[in-house]
Engineer: 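Before anything else, here's the structure in question.
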Amino acid sequence: MDRGVTARMQMPSELDVHQVFRFSPPDESLPLSPIDAFWHLSNLFAPAWLVAALMAAGAKLLWRRELKARAWQHLTLWGGIGGSIGLIAALLLLGRDGKMAGYGLMLLGISLPQCYLSLRPAR
């Protein structure tokens, strides 16, 4: 083999492994389209509404007699609103989404309205 070819094939002596996995930052000058904004907000609030629906279904399953007069949609609605408020509070307090304390606030926001509705007699 030619000496020039082997010199070009050698790896550099100082290879920063972290540079291999770095991605270029997104272009900050591009505005957020309405569809992107919709998906961002949907992904922000989806955990609250999904957990609220699961919690309402589980509560209706476990406490059939106590929650007989309550519709699971009613429990889901108030739990989803409470969880959304918890996520917004976490976003304001913590500065970002996805922290465990934020999910704790979301769960607190979901369970408090559902506890209140389950203890209050239905009309």
Engineer: Does any part of the side chain of Phe45, heavy atoms only, come nearer than 4.5 Å to the side chain of Ile88, both counted from C-beta?
Structural biologist: yes
Engineer: For Trp49 versus Leu77, what's the shortest heavy-atom pair and its separation?
Structural biologist: CH2-O, 3.7 Å
Engineer: So, Arg70 side chain and Leu117 main chain: donor-acceptor pair closer than 3.5 Å or not?
Structural biologist: yes
Engineer: Connecting only ILVMFWY residues whose side-chain heavy atoms lie within less than 4.5 Å of each other, what is the rest of Phe38's hydrophobic cluster?
Structural biologist: Ile35, Trp39
Engineer: Looking only at heavy atoms, which two atoms of Ala52 and Gly79 are closest? And how far apart?
Structural biologist: CB-C, 3.6 Å
Engineer: Nearest heavy-atom pair of Ala101 and Leu94: which atoms, and what distance?
Structural biologist: CB-CD1, 3.9 Å
Engineer: Say you draw a straight line from NE2 of His74 to NZ of Lys60; how long is it, rounded to the nearest 0.5 Å?
Structural biologist: 11.0 Å
Engineer: For residues Ile110 and Ala48, report the shortest heavy-atom separation together with the two atoms involved.
Structural biologist: CD1-O, 3.5 Å
Engineer: Quick check: do Trp78 and Leu112 have side-chain heavy atoms less than 4.5 Å from each other?
Structural biologist: no
Engineer: Evaluate the side-chain proximity of Leu62 to Leu67: yes if any heavy-atom separation is below 4.5 Å, no if none is.
Structural biologist: no
Engineer: Could you go through Asn43 and Asp97, starting from their C-alpha distance and side-chain angles, then the distance that decides it, and tell me whether this counts as side-chain contact (heavy atoms from CB on, under 4.5 Å)?
Structural biologist: CA-CA 11 Å; Asn43 287 325; Asp97 178 40; over 6 Å; no
Engineer: Does any part of the side chain of Leu75, heavy atoms only, come nearer than 4.5 Å to the side chain of Met55, both counted from C-beta?
Structural biologist: no
Engineer: Tell me whether Tyr103 is reachable from Leu107 by hopping between hydrophobic residues (I, L, V, M, F, W, Y) whose side-chain heavy atoms are closer than 4.5 Å.
Structural biologist: yes
Engineer: Do you reckon Leu41 sits in the same ILVMFWY cluster as Met106, going by side-chain contacts under 4.5 Å, direct or chained?
Structural biologist: yes
Engineer: How close do Leu87 and Leu44 get, heavy atom to heavy atom, and via which atoms?
Structural biologist: CD1-O, 3.1 Å
